[in-house]
Novice: 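Let me give you the structure first, and then I'll get to my questions.
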Amino acid sequence: MEKIFIFDTTLRDGEQVPGACLNPREKVEIALQLARLQVDAIEAGFPISSPGDFEAVKAIASKVKGPTIVALARAVRKDIETAWEAIKKAEKPRIHVFLGSSDIHIQKKFGLDREKALERGLEALKFAKSLCPDVEYSTEDASRTAPDYLVKVLEQVIAAGATVVNIPDTVGYAVPQQFGKLISYIKEKVPNIENTVVSVHCHNDLGLATANSLIAIENGARQVECTMNGLGERAGNASLEEIVMAIKTRKDYFNFYTSVNTREIIKTSRLVSRLMGMPVQANKAIVGANAFAHSSGIHQDGILKDRATYEIIRPEDVGITEHAIVLTARSGRHALKHKISEMGYDLKGEEFETVYERFLSVADKKKRVYDEDVNIIVQDVIFAHLADTRLYSFESYKVKTGNGKVPEARVRLQKNEVILEATAEGDGPIDAIFKAIDKIVGAYHKLEDFQVKAVTETKEAMGVATVRIARDSFRTLGRGSSTDILEASARAYVEAVNRIYYLQSRQSGC
Ligand SMILES: [Zn+2]
C-alpha cells in the first residue's frame with residue numbers, strides 16, 4: 001500500500017472563514033492537537049498577512065514537533081523572507097510559494113503574460129529554495145489553467161527544486177472525472193514529475209472537494225490538502241476527516257493508507273469548532289452529532305443484531321467513546337491534575353488552582369464530571385489567563401423576569417480591581433444582560449450570532465455559549481461555560497468584548 005500525505009490547512013485556509021479569528025495561543029492549541037492527530041504537514045499561516053499571524057506561525061514552529069510546519073508566501077521576495085523568518089526554527093520547515101497560472105489570474109491579477117509569470121514564479125521558487133530545502137509550489141487556479149502551460153510550469157519548477165507541486169482547484173470549479181484526467185495528464189506529460197510529490201487542494205463550491213481529492217489520488221496525487229470540518233474560504237476545503245476515513249474504510253478499493261491517528265478525529269473536530277466558533281452541522285459526515293445515530297427502527301434492530309448491518313465505520317475508530325465518568329467533588333487535586341495531563345494540557349500554579357476551584361463548583365452542582373466538562377473548564381481558564389486580552393472580568397449577575405414583565409438584568413464586572421455595575425432592560429433576560437454589559441463598558445456592540453449548546457447529556461449539563469459581536473471594524477467571538485446558561489452567555493459576551501478591546505489596542509484587526 002502507498003502512503004497518502006495529509007497536509008492540514010485548517011490554520012491557514014480554514015482560518016480565512018469570516019469571524020473565525022484565532023489568537024496565537026489558540027492556534028498553537030490547535031496545532032498541538034493536529035500533531036496528536038499525526039497529520040504529515042500543518043500549514044500554520046500566511047506570515048506576511050499580519051503581525052499576529054507571523055507570531056502564531058513562529059510559536060507553532062518552535063513548539064509543535066512531528067509534522068512539517070508550512071508557511072505560505074506569494075511569489076514575492078518579502079513574503080518569502082517573512083515566511084522563512086517565521087518557520088526557520090521548526091524541526092521540518094517548508095515554504096509554500098503560490099502564483100496564479102490561469103490566464104485570468106496572470107492577466108487580470110498581475111497584468112503579465114505567461115512567460116513573465118513563469119519567470120516570476122521561478123525566481124521566487126529559487127529564492128525560497130536558497131533559504132529552505134523543502135519548498136512547495138502552487139499553481140493557483142490550476143483547474144482553469146491551459147494544460148500545456150501547466151505542464152511547462154511544473155517541469156521548470158520541479159527542475160528548480162520544488163519538492164511538492166500543488167494543483168489547486170482554487171475556485172471549486174473542477175468535476176471529478178475531468179480533475180482526475182488533469183492529474184493523470186500531468187503525471188504523463190511532465191518528464192521529471194517523479195522527482196516531486198503531486199499535491200491537490202480542492203474547494204467545495206460545488207460540494208465536490210472530497211470527490212475531486214479522491215479521484216486525484218487514484219490518478220497519481222500523493223498529498224491532499226484539507227481542513228478539519230471542511231472549514232475554509234467560501235464553501236470550504238476538502239474535509240480532512242472525510243478524506244482520511246474514505247481511504248481507511250475503503251482501503252479494499254483505494255489500496256492507500258495515511259498516518260493519521262483516526263481516534264483523535266472527534267477531539268480535533270470539536271476543538272476546532274469551539275475555538276473558531278463554527279458549529280458542525282448535525283448530519284456532517286464523520287464528525288456530525290448524528291453521523292452515528294441510528295434513528296429508524298429497522299436500522300436500530302439491525303444494529304443490535306450486528307453493527308455491520310448499517311454501520312461502515314466503528315464509532316470508536318474516530319474517537320467516539322461512551323461518556324466516561326471521570327471525577328467527583330471528592331476526587332481531589334491529584335486526580336484532577338492527572339486527568340488534565342492525560343488530556344494533553346500542562347497547567348501549573350495559579351492556572352491549575354483556578355481550574356480546580358471551577359471544577360469543584362461544577363462537581364457540586366452535577367455530581368459526575370465528564371471529560372468534556374473538564375476540557376471546557378481548562379480551556380476557559382487558559383483563555384481567561386491571556387492577561388492582555390482581559391480588560392474586564394465577569395463577577396455576577398441578577399435577573400428579574402416573569403410573565404408580562406420586561407426582563408431586567410443587573411451585572412457586575414471587574415476592571416483593574418474595581419467593581420463596576422449596571423442595570424438594563426431587554427427583550428429577554430440574555431438581551432438584558434448583554435445591554436447591561438454594554439452600559440458598563442460604555443460601548444454598543446452589534447450581536448451577530450449567539451448560540452448555546454449543552455455539552456453533556458444530563459439535566460445539569462454544562463452549557464457553552466458562543467457569542468459573535470461587532471464594533472466599528474472589529475468582529476470577535478467569545479465563549480463562556482457554566483451549568484447556568486445565563487452565566488455562560490454573560491461570560492461569553494464579556495470575553496468577546498475583551499477581545500474587541502484587545503484588537504483595538506493592537507490596531508491590527510484580523
Ligand atoms: Zn484554498
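What you see is a predicted model, and the numbers here were worked out from it, not measured in a lab. Each residue takes its place number in the sequence, starting with 1. In listed order, ligands and their atoms are each counted from 1.
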Novice: Evaluate the ring planes of Y493 and F434, with Trp represented by its six-membered ring, and classify them as parallel (under 30°), tilted (30 to 60°) or perpendicular (over 60°).
Specialist: parallel
Novice: Taking CD in E123 as the centre, count heavy atoms belonging to other residues, nucleotides or ligands within less than 6.0 Å. Is the count above 12?
Specialist: no
Novice: Testing the basics here: between R144 and S102, what is the closest heavy-atom pair and its distance to 0.1 Å?
Specialist: O-CB, 3.4 Å
Novice: Considering non-hydrogen atoms only, spot the tightest contact between E136 and S199 and give its length.
Specialist: OE2-OG, 4.2 Å
Novice: Would you list the protein N, O or S atoms within less than 2.8 Å of the Zn ion (ligand 1), leaving out water?
Specialist: D13 OD2, H201 NE2, H203 NE2
Novice: Report yes if the side chains of L37 and L240 come closer than 4.5 Å at any heavy-atom pair, otherwise no.
Specialist: yes
Novice: Shortest non-hydrogen contact from Y444 to R471?
Specialist: O-CG, 3.6 Å
